[in-house]
Every structure is written in structure tokens, then in C-alpha cells.
Number of protein chains: 2
Amino acid sequence: MRAGVSTVGQDELGLETRLMLRAAQLYYRLHLTQDQVGERLGVSRFKVGRLLDRALRESAVRIEIVHPDIRLVELEDGLCSRFRLRSAVVVDVPPTASPADQEVLARERVAGAAAAQLTAMRPTGAIGVSWGRTMLEVAAHLRPGWTAALEIVQLNGAMSRSARPTRAQEVVERFGLTSGASIQLMPAPAIVGTPELREALERDASVGETLAAARSAQTAVFSMGVVGTESVHLASGFIGEADLAALAEAGAVGDVLGRFLSLDGRIALPSLDRRTIGLPLEELAAKALNVGVAAGPGRGPIALAALRAGCINVMVTDEETATWVIDHA
Amino acid sequence: MRAGVSTVGQDELGLETRLMLRAAQLYYRLHLTQDQVGERLGVSRFKVGRLLDRALRESAVRIEIVHPDIRLVELEDGLCSRFRLRSAVVVDVPPTASPADQEVLARERVAGAAAAQLTAMRPTGAIGVSWGRTMLEVAAHLRPGWTAALEIVQLNGAMSRSARPTRAQEVVERFGLTSGASIQLMPAPAIVGTPELREALERDASVGETLAAARSAQTAVFSMGVVGTESVHLASGFIGEADLAALAEAGAVGDVLGRFLSLDGRIALPSLDRRTIGLPLEELAAKALNVGVAAGPGRGPIALAALRAGCINVMVTDEETATWVIDHA
DNA sequence: CAAGCTGCTGCTCATATGATCAAGACTATG
DNA sequence: CATAGTCTTGATCATATGAGCAGCAGCTTG
């Protein structure tokens with residue numbers, strides 16, 4: 001090797017750096033092999049490798065992902081690592097004219113992604129599901145044969161006496177019809193008037209057996225609701241204005257399976273929770289696969305609360321919600 | 001492969017693109033192997049390779065060299081490809097307070113680079129050299145043992161009668177002393193009064209033998225001079241004000257070996273050229289290795305002219321000159 | 001000047017990557 | 001409903017790259 005001559009060191013100009021840039025140019029821009037670069041530069045391919053290594057370490061060469069959607073992947077990674085999730089899906093929701101449209105579109109997009117994610121995951125055995133507008137949309141996106149699961153079981157009470165029914169049954173039915181699984185409903189309201197009644201109902205075979213099935217299911221799919229005048233629980237008549245005021249007072253930010261949480265991930269109003277029929281959150285959190293779906297403006301707080309409660313290990317949501325969660329975690 | 005299920009096509013979101021970004025993220029940011037990426041994403045490593053390929057082709061991933069000196073390498077490449085050079089060296093010259101300082105610093109930097117380049121190239125046999133301020137500086141930067149060449153020969157006339165001598169002998173001597181090569185001077189002025197005298201001198205053994213040696217040398221090292229009041233030929237008394245005016249009239253932009261060129265690379269003033277003693281440019285251009293050195297503000301035009309004349313195959317210059325040449329080529 | 005030390009070089013070998021190919025899946029069309 | 005064509009997929013093999021190591025040069029220090 002004649003490299004020895006360079007040891008005379010006539011190098012005020014950073015000859016080594018020059019060599020590095022030249023190597024980077026030939027390798028990254030012209031796509032030569034390290035061998036070819038070495039030949040052109042008169043150095044061994046090992047040296048070329050080391051030069052490129054240095055270029056990368058010293059950030060003389062920057063590799064960046066410039067696709068506009070990369071931020072979604074970054075949000076997904078952020079959610080996964082911060083909350084130890086198995087996976088996360090964050091979808092882009094194009095802006096719409098009105099906030100109402102935005103909410104509808106977000107729900108539609110997120111639900112589609114949730115359905116795709118569920119399909120890809122191929123859950124088996126029994127699958128517990130909640131209800132609500134988002135879950136209804138998820139159900140609508142499921143395609144026949146999406147899972148080989150044997151049973152679909154409702155995770156919480158849903159039977160409504162109101163003029164605007166919950167359509168909870170449709171959710172379960174659609175999950176079942178598209179998969180050939182049997183279905184099991186929870187024939188009870190989401191929330192009743194007293195803890196004693198809740199206990200009595202849960203002890204009764206009608207509700208109790210479904211609850212037992214919900215308990216033993218290895219998979220759960222559920223959405224998150226907001227607290228406030230647009231709450232589905234209010235519309236369905238499960239809670240009244242007084243409850244709403246108490247929830248607001250207690251700092252509730254939304255609900256999971258009808259159980260309202262405050263931002264720290266704890267039950268906001270234990271007295272109300274004791275009147276709520278369905279799987280308790282600790283038991284939900286214990287499942288192997290927990291797909292939580294949050295779609296639409298204002299879902300950030302309840303999403304964060306649910307994540308903190310540890311009852312989600314697969315998150316599906318929109319960019320706005322994910323951003324809020326990451327920013328406030 | 002369960003990939004079949006994805007063919008149901010619940011993909012308004014560009015699922016494939018999402019996968020691509022995820023792969024790019026894991027591969028380029030987290031530095032996993034394609035195998036590992038494939039495992040995490042549930043696809044084969046071949047698919048990962050194809051995804052990354054696509055990401056690169058579609059510019060979803062951009063690899064850029066961000067080091068501040070990369071522009072110098074780009075200029076070098078530009079010079080090499082535009083003028084079919086063997087190599088080019090473009091050096092950075094930090095700004096100074098005054099233009100005069102700038103010229104001195106540029107000469108110093110470029111000369112250092114030229115000396116380093118020469119050293120790295122290890123020319124053998126005979127080496128022809130020109131003279132001038134830049135060449136003197138190059139000579140000063142040579143370190144003992146820089147070449148195993150046998151002879152250093154002066155390429156053009158240099159003997160001056162003026163108060164300010166050319167110091168051309170110092171250039172040759174320094175080249176010789178640092179290498180152990182013998183030296184051969186050209187004992188004649190650069191330019192004489194008549195073509196006849198030039199011919200007579202070149203026929204004489206004193207000049208003729210040196211000229212023959214200059215002709216047979218396989219390597220040449222020379223600098224480029226500007227035309228104008230600061231011309232070294234004027235200062236040395238080789239040309240007078242009248243010649244200068246004629247050169248300006250003829251569109252001369254500078255000289256190589258005392259031969260003045262116009263921007264198109266041709267002899268600007270043939271009548272003057274016939275009075276110039278030394279190697280003709282066609283013979284210079286025929287050599288295997290021609291190191292041309294241009295340093296300092298205002299050298300762009302003569303550098304371009306010399307390149308167009310085809311008498312350079314290794315260019316050493318500063319950023320300003322290189323930029324000018326590229327922009328005007 | 002000797003001796004130890006540091007840092008750099010190129011080597012060997014394991015691994016990662018890319019090119020090419022054959023088979024299968026889906027589409028479009030008769 | 002068949003069938004040809006196109007696209008995608010994973011396998012094989014050659015090549016490119018990276019990890020770890022031993023040798024050597026130059027520097028420092030006694």
C-alpha cells in the first residue's frame with residue numbers, strides 16, 4: 001500500500017474528511033459498491049466502510065424519511081413505546097368542512113383501520129365486544145371470514161329503554177355473522193339505579209353467564225366514549241343530568257365499557273361505577289389482546305386515561321387523538 | 001402465508017405504503033436488519049427489501065450528504081465530468097479582510113493541495129514545471145521524498161532582466177531538491193521580440209535540449225496567470241503596455257506557459273505566441289499527466305480557457321474559480 | 001534509545017443484501 | 001367458466017457488508 005506517503009501529513013484541509021465525503025458521494029449518490037469506491041479512491045474497501053461509518057456517526061450523511069405519512073408511523077411508535085402496547089394504528093383524517101363531518105369521517109376511517117387490524121391479527125377463541133357508534137362502524141367494516149373465533153360476547157350492559165336505542169345488538173350480530181361465531185348478549189342496562197340491583201343482576205344467570213364468558217374471553221374490542229352532552233350514555237338514558245354533573249365534578253373524561261375514568265386512569269366516580277354492569281376494568285386489563293378504538297375530536301383525554309388504566313394493548317385511533325395523548329403523557 | 005386475508009382489500013389508507021414506511025422506519029432509523037424488520041412486520045425479508053427499494057425509488061426516503069464541504073466534492077465531480085479530467089481538487093478558502101489577503105491565502109491553500117495531490121500521484125520519469133507565484137508556493141509545500149522522478153525540467157522561458165526577477169529557478173530547484181531529481185532550466189526569456197529570435201533560440205542547444213526534455217516529459221505541472229496590470233509577465237518585463245493592449249483587444253483572459261488564451265481556449269494573439277519560448281500547448285495537451293493549478297480571484301476565465309484547450313487533466317483550484325468555471329462552461 | 005502504548009491497517013469469516021427465477025394468485029376477457 | 005396474461009411472492013445463489021482480530025507504525029515516556 002502506498003498509503004504510507006500520506007503520512008507526511010500535508011493536510012491542513014482535512015484530507016481524511018475529504019476522502020469521507022468523496023466516499024459518501026460515490027456510495028450513496030452514485031450507488032457504487034464499497035469495493036468500487038475503494039478502487040476509485042485508492043483505498044481498501046475496509047477503509048471505505050469505516051469512512052462511511054464515520055460519515056453516518058458524525059451526521060455528515062443524513063438518512064431521513066420524508067413521506068408525509070411518516071408522522072403517523074412515528075405516532076404509532078410513540079404510543080407503543082410509551083404505553084407498552086403490542087401495536088398501534090394511527091390513521092390520517094383529511095380535514096372536512098364542518099366539525100360534525102370531521103367526527104363522522106374520523107369514525108369511519110378509524111373503524112376501517114380497526115377492522116383491518118382485527119382481520120390481520122386473527123383472534124381466536126372468544127372475543128368480547130363493547131358497543132357504541134364507533135363499534136357499530138367497526139362491525140360494518142368487517143368482511144366475512146375475518147376471524148375463526150368461536151364466540152362473540154358482549155362485554156357490558158347495553159339494553160336501552162330510550163327512544164334512541166343503542167343498537168348494541170347489531171354490533172354483536174355483525175361480529176358474529178361475518179365470522180360464523182355464536183353470539184352472547186348481556187341482557188341488562190349499562191348502568192342501573194343502585195349497586196344492589198347491579199349485584200342482583202350479575203348474580204342472575206341471564207347476565208351472569210354472559211359476564212362469565214366475557215371474563216374468560218382472551219380478546220376484547222372496545223371503543224371509548226366522551227363525557228358530556230353528546231355522551232351516548234346520556235342519549236340512551238343510562239345516566240341523567242345529575243350523574244353528568246357529578247362526573248364532571250369528579251373530573252371524568254370519558255368511559256370504557258360504561259365505566260368513567262378521570263385523566264389519571266382511575267375510576268372517576270366509584271359510586272357510579274358500582275351501579276355499572278359489565279366486565280370490570282381490572283379484568284379487561286388482564287386479557288391477552290385488548291383492542292381499544294378511539295375516533296374523533298375530543299377523544300384525547302379518555303384515550304390517555306384508558307391507556308394509563310392499562311386496559312389497552314392494541315390502540316387504533318386518529319392522528320389528532322394520538323398527538324394529544326403523546327403531548328400530554 | 002396468511003397474507004391472503006389481506007386481499008379482501010380493506011385498504012383505503014394505503015396499507016402497502018404504511019408497511020413501506022414502517023419498514024423504512026425500522027430499517028433506517030432503528031437499524032434493524034431486513035430479516036428482523038420482516039419478522040416484526042410479519043412479511044418475508046424479500047418483501048422488506050422490495051419495500052425499501054420502493055421507498056428509495058419513490059423518494060420516501062432521502063439520503064443526503066449534509067457536510068458543509070460536500071459542495072467542494074460536487075465541484076470536483078463537475079469539473080471531472082465536464083472536462084474529462086482524471087481528477088480535480090477544489091479547496092475551500094476562508095474569507096479574509098482584504099482582497100489581497102484573499103489572493104495570498106487562496107494561493108497558499110491551493111498550492112498546499114496541489115503539492116499533496118502531486119505527492120499522492122507519485123509521478124515518475126521526468127516532470128515539466130512552469131513558474132510563477134503559484135508554482136513557487138507549490139514548490140514550497142513539497143516535502144522531501146514526494147516523488148521518485150528522475151528529472152525536473154522547466155517548460156517555458158523565464159529568465160528576466162527586470163528588477164523583479166521571476167524566481168523561476170527557485171521553483172525548479174525546490175522541485176529537484178525535494179526529490180533528488182536532476183534539474184534542467186530553460187535559459188531564455190519567456191517572450192522575445194521577434195519570431196525569428198524565438199526560432200533561433202529554440203534551435204540553439206542551450207534552449208533546444210531543454211525544450212526536447214520538456215517535450216518528452218510524461219508529466220507537467222503548471223499554473224495559470226491572469227492578463228492585466230498585475231500580470232507577472234508585465235512585471236517581469238516580458239511584455240509591455242502595447243502587448244497588453246493588444247492582448248486585451250484580442251480577448252485574452254490569461255496565460256498558460258506564457259501563452260495567452262481567449263475564453264474559447266484558443267491562442268488569443270498568434271503573433272505574440274510566435275514570440276513565446278517554451279512548450280507549445282498542443283504538446284502540453286498530449287502528456288499523460290497534466291496538473292493545472294489556478295488560485296485566487298479572477299482566475300475563472302483562464303481556468304476555463306485552459307480546460308477548453310484540453311491541456312489539463314488534473315485540476316487544482318479554489319472554490320470561487322471552480323464555481324465560475326462550472327457556471328460558465 | 002528502548003519499550004510500551006495507541007491507533008490504524010488489512011485480513012478472515014459470518015452475515016446481510018441483491019439479482020434472478022419459477023410458481024402461484026388475481027384480473028381481464030372471450 | 002375457462003384461460004391467458006400480469007403481478008406478486010418466496011427460493012436459490014452470488015455478492016456486498018460488517019465484526020472481530022492480529023500486525024505494524026508512530027508516539028510517548030522512561
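Computed from heavy atoms alone, side chains included, the values below leave out hydrogens, waters and symmetry copies. Everything numeric in this text was worked out from a predicted model, so none of it was measured. Sequence lines set the chain letters: A, B, ... in the order given, protein chains first and strands last, and positions in each chain run from 1.
Nucleotide D/dC7 holds its P atom 15 Å from the NZ atom of B/Lys47, rounded to whole Å. Between B/Gln36 atom CD and C/dT17 atom C1' there is a gap of 14 Å when expressed in whole angstrom units. The interatomic distance linking A/Phe46 (CZ) with D/dG23 (P) rounds to 16 Å, in whole Å. In this structure, the CD atom of B/Glu39 is 12 Å from the P atom of C/dA16, given to the nearest Å. B/Glu16 has its CD atom 6 Å from the P atom of D/dT9, to the nearest Å. Across the protein-nucleic acid pair, B/Leu51 atom CG and C/dG18 atom P stand 12 Å apart, rounded to whole Å. Regarding A/Asp53, its CG atom lies at a distance of 7 Å from the P atom of D/dA19, rounded to whole Å.
Salt bridge annotation for B/Glu76-A/Arg22: present, with a cationic side-chain nitrogen under 4.0 angstrom from a carboxylate oxygen. Checked for salt-bridge contact, B/Arg29 and A/Glu74 meet the test: a charged N lies under 4.0 Å from a carboxylate O.
A/Ser87 has its side chain within reach of A/Met121: a pair of non-hydrogen atoms, C-beta onward, lies under 4.5 Å apart. The shortest side-chain heavy-atom distance between B/Val153 and B/Ile183 does not fall under the 4.5 Å cut-off.
Aromatic pair A/Phe175/A/Trp146: ring centres closer than 6.0 Å.
Side-chain atoms of A/Arg45 and base atoms of D/dG18 include a donor and an acceptor less than 3.5 Å apart.
A donor-acceptor contact shorter than 3.5 Å links the side chain of B/Arg71 to the backbone of B/Pro68.
Taking 4.0 angstrom as the limit, A/Ser44 places a side-chain polar atom (N or O) nearer than this to OP1 or OP2 of C/dG10. Residue B/Tyr27 places at least one side-chain N or O under 4.0 Å from the OP1 or OP2 atom of C/dT17. Taking only side-chain nitrogens and oxygens, A/Gln34 never comes nearer than 4.0 Å to OP1 or OP2 of D/dT15.
Direction change of the helix axis from one end of the helix from C/dC1-D/dG30 to C/dG30-D/dC1 to the other is 30°, with five pairs defining each end axis (rounded to 10°).
Positionally, the nearest nucleotide of DNA chain D for A/Asp35 lies more toward the 5' end than for the other of A/Arg50 and A/Asp35.
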